[in-house]
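The next block holds one structure in the form of structure tokens; read it before the comments.
Numbers for residues simply follow the sequence, beginning at 1. Everything numeric in this text was worked out from a predicted model, so none of it was measured.
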Amino acid sequence: MCGIIGYIGARQATPILIGGLRKLEYRGYDSAGVSVFDPSGGPMSRVVRCRGKLSALEEKLQKEPAPGTVGMGHTRWATHGRPSDENSHPHKAGPISVIHNGIIENHLALRAELAAAGAKFSSETDTEIFAHLVEHALLAGAPDLTVAVRRSLAKVRGSFAFVVMSDKEPGTLVAAKNSSPLVVGLGDGENYVASDVTAILSETRRVIFIDEGEMVTVTRSGVQITDFDGKPHVREAKTITWSAVQAEKGGFKHYMLKEIHEQPRAVADTLVGRVNLESDDVVLDGVDLDVAKIKRIIFIACGTSYHASMVGEFMVESLARIPVEVDLASEFRYRDPILGPGDLVVAVSQSGETLDTMEAIREAKKKGAQVLAISNVVESSIPRLSDHAFYTHAGPEIGVASTKAFTTQLVGIALLAIYLGRRTQKLSKERARQLLAELVQLPVKMRDVVESGAQLQALARRYGHAHGFLFLGRGSQYPIALEGALKLKEISYIHAEGYAAGEMKHGPIALIDEHLPVIVLAPRGPHYEKVVSNLAEVRARQGKVLAVATKGDNEIGGHADDVILVPDTALELQPILTVLPLQMLSYYVADFKGTDIDQPRNLAKSVTVE
Ligand code: AGP
């Protein structure tokens, strides 16, 4: 998630831009830049940008000052194109400067079209393409920047918040929104745009949240909002009462809760440009595998990423019929594994910096295996160490307890499984089409679940005093039981265990009594009857059962004390929905206990030590 800020008024823009970007640093970024127009400095705005932190940009601005009273600033979280000076925003084409948050899905086609028309590109980014589109629209006769942006938007598909300025029209900023957040700040003789209220809260509390499919023309005297066809929209300004700290969390109490709610968007962003509904296939950028040569796949990971890998085993074996093993990275690296060129090792890591996973990759490469990394941080150590890299687009995950990174890992692995299955010919075109259709519907279904927080909050109050929890699941729900237990213990400090439901009778059933809440994953599917009999075993011993089941299940209520329903989806994708109530339950239990949810004791966001 990139950080965006624009200013137009009577004061020097650069200090306001840098100050606003500093307020967005918490979101994580790998480069930064500004574009400022200085009427006294001649006809051109000055773009100053670089890889690295804001301090590097400020150092550069000492040598290359950017005076002027209109400008925009950006902090970049790389998605297309590695972190570098050239890939930093703003991007310029002729008189046009652009900053962008999101992903232009049809960027390759547009780049080819523009190159054929003579455009010269200086970066690997999708964003630069929009600067060229707007420049071309002006050259083709657009009467002003607003119309040039409007005509350019008609050619773009994907998620975006753009801010555009032109040296030919220095009294105007034009911004547009589709999926990525955008807000306008209103001042007295000065106005702002930003990706996040946090960036401008110290300047103004009067804001207008821009809606999907709206664009806004911002001048010193005011703002005009329209849809992408130019139809005016009248929008009321709101006064923000949040504190700056609350604003960083988007009004949520903790980053973890914000990130739980960001999951539908994160999954949608991870799917952008990768689902080809015409060919019923998947486009895996950054992956070029000779699938015929893959005899075995070994997932290696730690913690939550290990649980995602365990779900991945079911997805890949079911859809591609390639044998899969899953290893804890910290075990794999020491067990002298037997590997060869027919093995594909898949390293899953949100941070891309986990030392155990990195050392496991080194072990795998030493023994001749190919390595594919699935990570959330572009150009982090693990993707750089690997032969192939596939990125989830969850945006920076601030909460130590991983949530949106986990569900986007599952989506990424599902895409990999479909990609492999279509190439091993074990997955039919029809079945692939069904799965892809279910994948693109996931964000809506996920939103349905994450909006049901009130029920989970009530359950957390009812069971939050328990001294222990047991989570049970079968098949691909067993890793979800493990993940639910990990979430609960790492943020509430209450002991919790995840177990294969079929293992109950081999020991854990001794734990069952009226004080032990048992959370059971019981979605529609091949294990349903067996899981229901496990519920009966628990209740026969006075255990309290919370069942996670599929919407429309009218039977489960007779076997459980509480039921949490999630929408139905393809069997292989069910874990992406059933994990959501467990994330929320763990959050509300921890909130009930008052622990430090975003920074739990003893934990680090990225474990870069042995
Ligand atoms: C997840 O909630 C934990 N914070 C932890 O288990 C984490 O998943 C693990 O350390 C692996 O991190 P990675 O995905 O960045 O490699």
Side-chain angles (χ1 to χ4, degrees), residues 1-3 24-29 75 77 79 101-102 159 179-181 195-198 242 245-271 303-305 307-308 348-353 374-378 380 391-412 442-443 445-453 456-457 460 480 483-484 486-492 575-591 595-600 603-606:
M1 198 84 89
C2 306
L24 300 178
E25 281 197 291
Y26 71 91
R27 301 161 60 143
Y29 64 101
T75 47
W77 173 271
T79 52
N101 180 19
S159 60
S179 303
S180 300
S195 51
D196 188 312
V197 168
T198 314
W242 296 336
V245 172
Q246 280 172 314
E248 275 189 15
K249 295 164 190 160
F252 289 100
K253 192 174 177 184
H254 296 98
Y255 287 118
M256 181 180 177
L257 188 59
K258 179 178 175 224
E259 287 155 6
I260 286 172
H261 283 259
E262 282 176 345
Q263 291 183 102
R265 165 86 273 123
V267 162
D269 282 350
T270 299
L271 290 169
T304 285
S305 298
H307 299 150
V348 182
S349 174
Q350 184 283 129
S351 62
E353 300 298 340
I374 297 180
S375 183
N376 192 42
V377 183
V378 174
S380 52
Y391 292 104
T392 51
H393 293 152
E397 188 174 67
I398 312 293
V400 166
S402 191
T403 50
K404 62 178 183 173
F406 178 68
T407 46
T408 54
Q409 285 170 348
L410 293 181
V411 166
L442 273 180
K445 294 183 175 180
M446 294 174 80
R447 185 161 288 107
D448 182 32
V449 181
V450 297
E451 298 306 334
S452 63
L456 278 301
Q457 208 164 15
I480 300 304
E483 175 60 13
L486 175 63
K487 285 282 103 38
L488 186 69
K489 66 184 121 181
E490 68 176 328
I491 63 172
S492 73
I576 300 166
L577 294 174
T578 55
V579 73
L580 300 174
L582 307 193
Q583 293 171 345
M584 295 161 76
L585 181 67
S586 62
Y587 171 80
Y588 286 117
V589 168
D591 190 37
T595 53
D596 184 352
I597 291 173
D598 287 325
Q599 296 285 344
L603 288 178
K605 183 60 187 167
S606 174

Of the non-hydrogen atoms in Val450 and Met584, which two are nearest, and what is the gap between them?
O-CE, 3.4 Å
Where do Ala590 and Ile491 come nearest, in terms of heavy atoms and distance?
CB-O, 3.4 Å
For residues His261 and Phe252, establish whether the separation of their ring centroids is below 6.0 Å.
yes
Assess, by modelled atom type and distance only, whether the side chains of Gln583 and Gln263 contain a donor and an acceptor separated by less than 3.5 Å.
yes
With side chain to side chain contact (heavy atoms under 4.5 Å, CB included) as the test, would you mind laying out the steps for Leu577 and Leu442 before giving the verdict?
CA-CA 8 Å; Leu577 294 174; Leu442 273 180; 4.1 Å; yes
Would you say that Pro181 contacts Asp196 through its side chain, given a criterion of any heavy-atom pair below 4.5 Å between the two side chains?
no
How close do Ala405 and Thr408 get, counting heavy atoms only, and between which atoms?
O-OG1, 2.9 Å
Got Glu490 and Leu603 here, is their nearest side-chain heavy-atom distance under 4.5 Å?
yes
Show your working on side chain to side chain contact (heavy atoms under 4.5 Å, CB included) between Leu585 and Leu488 and close with a plain yes or no.
CA-CA 8 Å; Leu585 181 67; Leu488 186 69; 5.6 Å; no
Please answer whether the main-chain N or O of Asn101 pairs with a side-chain N or O of Ser180 as donor and acceptor at a distance below 3.5 Å.
yes
Can you tell me if Lys258 uses its side chain to pair, donor with acceptor, with the backbone of Gly251 under 3.5 Å?
no
Pair Glu397 + Lys404, salt bridge at N-O below 4.0 Å:
no
When you compare the side chain of Trp77 with that of Val378, does any pair of heavy atoms fall below 4.5 Å?
no
Using a distance-only test with no angle check, is there a side-chain donor-acceptor pair under 3.5 angstrom linking Thr304 and Glu483?
yes
Distance in Å, His307 NE2 paired with Ile480 CD1, rounded so as to fall on 0.5 Å steps
9.0 Å
Residues Leu257, Ile597; criterion side chain to side chain contact (heavy atoms under 4.5 Å, CB included); working and verdict
CA-CA 9 Å; Leu257 188 59; Ile597 291 173; over 6 Å; no
Between Ser159 and Ser179, what is the shortest heavy-atom contact and its length?
CB-CB, 3.7 Å
Pairwise distance NZ(Lys445) to CG(Leu580) - rounded to 0.5 angstrom
12.5 Å
Distance, nearest 0.5 Å, that separates OH of Tyr391 from OG of Ser380
5.5 Å
List the atom of Pro581, the atom of Leu456, and the distance in Å for their closest heavy-atom pair.
O-CD1, 3.4 Å
Measure the spacing between CD1 of Ile398 and NZ of Lys249 and express it to the nearest 0.5 Å.
11.0 Å
Value for CD1 (Ile374) from CG (Leu410), rounded to nearest 0.5 Å, stands at 10.0 Å
Would you say the side chains of Thr392 and Asn376 form a donor-acceptor pair under 3.5 Å?
yes
I'd like to check Val400 versus Asp598 (side-chain heavy atoms, cut-off strictly below 4.5 Å). Are they in contact?
no
OG of Ser402 to CD of Glu259: how many Å apart, nearest 0.5 Å?
8.5 Å
Exercise: identify the closest heavy-atom pair between His254 and Tyr587
ND1-OH, 2.7 Å
Just do the side chain to side chain contact (heavy atoms under 4.5 Å, CB included) check on Asp596 and Gln599 with the steps written out, would you?
CA-CA 5 Å; Asp596 184 352; Gln599 296 285 344; 3.5 Å; yes
